[in-house]
Structure formats: structure tokens, C-alpha cells
Amino acid sequence: DVKVTQSSRYLVKRTGEKVFLECVQDMDHENMFWYRQDPGLGLRLIYFSYDVKMKEKGDIPEGYSVSREKKERFSLILESASTNQTSMYLCASSLVTVYNEQFFGPGTRLTVL
Amino acid sequence: AQSVAQPEDQVNVAEGNPLTVKCTYSVSGNPYLFWYVQYPNRGLQFLLKYITGDNLVKGSYGFEAEFNKSQTSFHLKKPSALVSDSALYFCAVNAGNMLTFGGGTRLMVKP
């Protein structure tokens, strides 16, 4: 089974802090994704990566950056956390073709005070 | 631009009754359609997908979905609901490089 793990289930940070969310997948998938999930809005794509050191902006990249130094690891960075970034963050991975399903991690619930 | 609509925030059904969770989409080109389920405090799990071929797609846990090109719909169905089916369901479409998700529908199955 594909396993996607995220470094924290719950995280509480202060406004202005730099926040790192880590995601690791163990199935050698080319694609990795970061989403945020908010009630009524579904999942919105922040960034995705289709190869090491490659990244593409999603629908809501503002206030976020990403890093993919190794194929299995994809990090989401909040350079200066703000209260409107309080959300559930989900990482996913998939094979490269568009009709392959994505596999999701358990999520990180981030609260910014 | 592609989009997905799930018109119902919540669907209530009695255990043993059939259930339908609705999804409509808008996309240019051929759509690849997906259903995911999210149980409390967990990530999304893949249920089923439509790529091409038979319009009725069968997936995990007894769920199925019907692709209707003329109505641009991909409704999720199950003949007999279980209390354990209570969860948040998401429809998604991929017609390019990215998945676009609907807002989600909460399914409540009552004993």
C-alpha cells in the first residue's frame, strides 16, 4: 500500500513564525501535491511538483513556498504565518499520468494565533 | 478552466436505503472524474474513477458512479447505505495537470 506521511497531525504557531510542513511518500511517485482544506471550499491546490526541484503554482500559492530536494519528500513552507492560514493541510502523491488517483496523507491541522 | 459542483452540503439517508451524492462538472476536453471519501480526522481515500468506457463505474465499499456526458454529471450511488458510510465525500475532475475538487458533501446515514 502507498503510504503518505505528514510530519505533524496538529500544529499551533504564532503570527509571523516560519512554519515547515513535511510530507514523505514511499511509492516512488513522480507527482506530489499540497492542498489546504477549508469547510465548504473543498480542497484547493497550493503547489505541486512533478519532479525533484520542479514546482508549479496551484490555485492559491500566495504566502506559501515549497521545496522538493528528494523524490520522496515535499515540504510546504509558510514564510511568515498569518491567521488566515489556519487550515487543514493535506499532502498527496501520484504517478505521472493525469488519470491516476492521488494518495493522501492524514493531514496537518495548523492553527495560527 | 475546470470546475466541480456538489450541490448538496449534506445528504441524510436511513440505513438500508439507497443513496445518491450528486456531482456536476465543467471542463474542456475529456474529463477524468474521481470520488474520494474522508472519514473523521483522516486524509482522503480514493473510491473510484472514470477514465473512459462503461459509464457505470464500480469502486470500493460497494459504491458506484454513473458518468453522464450530456448532463456533465458523475453521481455517486450505493444500493444500500450503512451507518459506517457516514463521511465527507468529494468529487474531483482532472482535465489537465491538476485535480479540481468540489466543496464536499457530508453523508449522514441514520440507523
Side-chain angles (χ1 to χ4, degrees), chain A residues 1-10 21 23-25 27 29-51 54-61 66 87-109, chain B residues 1-10 21-53 57 59-60 63 65 67 74 87-106:
Chain A
D1 280 354
V2 176
K3 185 167 267 187
V4 180
T5 56
Q6 296 183 227
S7 51
S8 305
R9 292 300 305 273
Y10 300 93
L21 303 182
C23 175
V24 178
Q25 52 97 2
M27 282 302 292
H29 283 170
E30 295 89 354
N31 292 346
M32 294 189 76
F33 308 83
W34 275 107
Y35 296 90
R36 64 177 282 176
Q37 180 182 3
D38 299 289
L41 298 178
L43 274 72
R44 292 178 292 166
L45 182 65
I46 305 171
Y47 270 97
F48 73 97
S49 169
Y50 52 89
D51 201 352
M54 306 302 289
K55 61 185 179 184
E56 293 282 344
K57 292 180 180 179
D59 298 319
I60 52 164
V66 290
S87 187
M88 170 71 86
Y89 289 88
L90 293 168
C91 175
S93 71
S94 75
L95 293 169
V96 67
T97 44
V98 296
Y99 51 78
N100 282 294
E101 60 271 27
Q102 294 181 14
F103 294 86
F104 285 81
T108 296
R109 184 164 295 283
Chain B
Q2 54 195 45
S3 65
V4 176
Q6 294 180 242
E8 301 153 318
D9 290 336
Q10 182 161 318
V21 182
K22 295 179 180 177
C23 171
T24 58
Y25 66 91
S26 173
V27 68
S28 54
N30 292 322
Y32 302 112
L33 294 154
F34 302 80
W35 276 102
Y36 289 84
V37 60
Q38 186 178 35
Y39 297 102
N41 299 314
R42 295 174 69 173
L44 275 67
Q45 294 179 34
F46 168 74
L47 272 180
L48 51 78
K49 64 183 176 183
Y50 171 83
I51 301 173
T52 187
V57 179
S60 306
F63 283 93
F67 171 66
F74 189 55
L88 190 54
Y89 290 80
F90 290 97
C91 181
V93 64
N94 192 336
N97 223 355
M98 301 186 295
L99 269 183
T100 298
F101 286 84
T105 298
R106 186 164 300 280

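All figures in this text were calculated on a predicted structure; none of them were measured in a lab. Sequence lines set the chain letters: A, B, ... in the order given, protein chains first and strands last, and positions in each chain run from 1.
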Original post:
Does the ring pair (Phe, Tyr, Trp, His ring centres under 6.0 Å) test come out yes or no for Phe101(B) and Tyr35(A), once each step is laid out?
Top reply: CA-CA 10 Å; Phe101(B) 286 84; Tyr35(A) 296 90; 5.5 Å; yes
Original post:
Does atom CZ of Arg106(B) have more than 12 heavy-atom neighbours from other groups under 6.0 Å away?
Top reply: no
Original post:
Going from CG on Leu99(B) to CG on Asn31(A), what distance comes out if it is rounded to the nearest 0.5 angstrom?
Top reply: 10.0 Å
Subject >> Heavy-atom contact with chain B under 4.5 Å, split by part of Tyr10(A) >> reply: side chain
Original post:
Would you say Leu43(A) and Phe90(B) make side-chain contact, with heavy atoms under 4.5 Å?
Top reply: yes
Original post:
With only heavy atoms counted, which part of Gln38(B) is less than 4.5 Å from chain A, the side chain, the backbone, both or neither?
Top reply: side chain
**OP:** Measure Leu88(B) against the heavy atoms of chain A and call it side chain, backbone, both or neither at under 4.5 Å.
**Re:** side chain
Original post:
How far does OG1 of Thr100(B) sit from CG of Asp59(A), to the nearest 0.5 angstrom?
Top reply: 6.0 Å
Subject >> Heavy-atom proximity to chain B below 4.5 Å, by part of Arg9(A) >> reply: side chain
Subject >> Qualifying salt bridge (Lys or Arg N to Asp or Glu O under 4.0 Å) pairs with a residue from residues 97-108 of chain A, counting only residues at least two apart or across chains >> reply: Glu101(A)-Lys49(B)
Original post:
At a heavy-atom separation under 4.5 Å, does Gln6(A) approach chain B through its side chain, its backbone, both, or neither?
Top reply: neither
Original post:
Within the distance-only criterion (no hydrogens, no angle test), does the side chain of Tyr36(B) pair as donor or acceptor with the backbone N or O of Gln102(A) below 3.5 angstrom?
Top reply: yes
Subject >> Residue list, ring-ring contact (aromatic ring centres under 6.0 Å, His included) with Tyr25(B), at least two apart or on another chain >> reply: none
Original post:
Hey, does Met98(B) have a side-chain heavy atom less than 4.5 Å from the side chain of Phe48(A)?
Top reply: yes
Original post:
Are more than 12 heavy atoms from other residues, nucleotides or ligands located less than 6.0 Å from atom CG of Asp38(A)?
Top reply: yes
Subject >> Under 4.5 Å from a heavy atom of chain A, the part of Leu44(B) involved >> reply: both
